Amino acid sequence: MEWIIEPWPWYVGGPLVALIMLALIYLGKSFGFSSNFRTMCAALGAGKSCGFFDFDWKSQSWNLLFLLGSIIGGYIAAHYLSNNQIPAISADTIAQLKAMNFNSAGQAYVPSEIYADMSLRNVVLLVVGGLFIGFGTRYAGGCTSGHAISGLSDLQLPSLIAVIGFFIGGLLMVHALFPLIF
């Protein structure tokens with residue numbers, strides 16, 4: 001059991017991702033989690049009132065199964081196959097986060113200063129952040145997993161541009177906006 005609880009090295013995880021991507025390319029499928037939202041809306045009948053959702057959602061049912069498996073697998077991994085939920089982060093990062101009043105850095109999986117305290121400020125931050133993520137995903141034509149894993153594997157230029165944009169946005173958030181918000 002110890003081998004499944006510990007993090008897997010890159011030379012195991014990387015080839016597994018590559019094999020899955022090669023199989024998807026061979027089968028003519030594209031991977032991405034955000035497309036599941038469109039598929040779920042189409043399955044629930046949203047195509048009757050919006051052309052964007054009017055497509056053959058049954059052809060994407062395999063991706064819904066992947067989403068369901070990811071949720072179930074994540075639950076099993078978090079509750080039964082993990083002995084340490086706290087990610088290992090560098091001492092410098094912990095010091096920087098503590099300087100921004102994140103005293104739970106290095107002691108909790110997520111910052112309890114945001115997720116444990118459901119103050120109006122934190123709820124607004126989570127809602128606005130979720131809306132930005134949803135808008136960005138739709139505007140970019142997919143999520144980070146779809147573009148960075150599937151799109152780059154298919155050598156799609158729009159995916160390369162989107163991934164560069166994701167990195168620039170992340171850097172701006174961490175180095176410019178994050179210190180202003182916190």
Side-chain angles (χ1 to χ4, degrees), residues 13-79 87 109-111 114-182:
L16 284 174
V17 170
L19 287 173
I20 291 169
M21 290 315 305
L22 287 172
L24 288 174
I25 290 170
Y26 178 75
L27 296 170
K29 307 281 186 188
S30 63
F31 169 78
F33 270 91
S34 63
S35 60
N36 283 309
F37 294 119
R38 181 180 183 215
T39 305
M40 286 187 279
C41 289
L44 295 173
K48 295 173 185 164
S49 60
C50 179
F52 178 71
F53 299 114
D54 188 19
F55 71 100
D56 179 23
W57 64 269
K58 291 179 183 178
S59 67
Q60 295 296 315
S61 59
W62 71 272
N63 211 6
L64 289 174
L65 289 174
F66 184 80
L67 174 66
L68 182 64
S70 297
I71 293 168
I72 293 169
Y75 179 84
I76 291 170
H79 289 87
Y109 185 73
V110 296
I114 296 176
Y115 294 99
D117 175 26
M118 285 292 118
S119 66
L120 179 62
R121 177 180 179 265
N122 288 350
V123 170
V124 168
L125 280 172
L126 293 171
V127 169
V128 170
L131 289 172
F132 275 135
I133 289 171
F135 173 79
T137 298
R138 178 67 190 111
Y139 189 71
C143 59
T144 52
S145 62
H147 280 298
I149 300 171
S150 189
L152 291 180
S153 295
D154 288 339
L155 302 176
Q156 297 177 9
L157 180 61
S159 291
L160 177 62
I161 294 168
V163 169
I164 291 170
F166 297 149
F167 274 95
I168 291 170
L171 290 170
L172 286 173
M173 178 60 196
V174 169
H175 295 292
L177 296 175
F178 195 81
L180 293 176
I181 295 171
F182 298 104

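Worth saying up front: this structure is predicted, and the values here are computed from it rather than measured.
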From I133 CD1 over to C143 SG, what is the distance, rounded to the nearest 0.5 angstrom?
-> 11.0 Å
Under 3.5 Å, which donor-acceptor pairs link side chains of residues 39-51 to any protein atom two or more places apart or in another chain?
unit_1 : atom_1 : unit_2 : atom_2 : d
T39    : OG1    : S35    : O      : 3.0
S49    : OG     : A46    : O      : 3.4

With sequence neighbours excluded, what pairs up with K29 under the side chain to side chain contact (heavy atoms under 4.5 Å, CB included) test?
-> L24, L27, W62
Please report the closest heavy-atom contact between L67 and N36, naming both atoms and the distance.
-> CB-ND2, 3.6 Å
What residues, two or more places apart in sequence or in another chain, satisfy side chain to side chain contact (heavy atoms under 4.5 Å, CB included) together with L16?
-> W8, V12
Under 3.5 Å, which donor-acceptor pairs link side chains of residues 165-181 to any protein atom two or more places apart or in another chain?
none

Sorted by chain and residue number, the side chain to side chain contact (heavy atoms under 4.5 Å, CB included) partners of L68 (sequence neighbours excluded) come out as I72
Between H147 and S159 the two heavy atoms that sit nearest each other are ND1-OG, 2.9 Å
By ring pair (Phe, Tyr, Trp, His ring centres under 6.0 Å), which residues pair with Y75, not counting sequence neighbours?
-> H79
Which residues satisfy the side chain to side chain contact (heavy atoms under 4.5 Å, CB included) test with L126, sequence neighbours excluded?
-> I114, Y115, M118
Qualifying residues under ring pair (Phe, Tyr, Trp, His ring centres under 6.0 Å), relative to F66, sequence neighbours excluded = F31, F33
Should we say atom CZ of F132 is surrounded by more than 12 heavy atoms from elsewhere, each under 6.0 Å from it?
-> no
Rounding to 0.5 Å, atoms CG (L155) and CG (L160) come to a distance of 10.0 Å
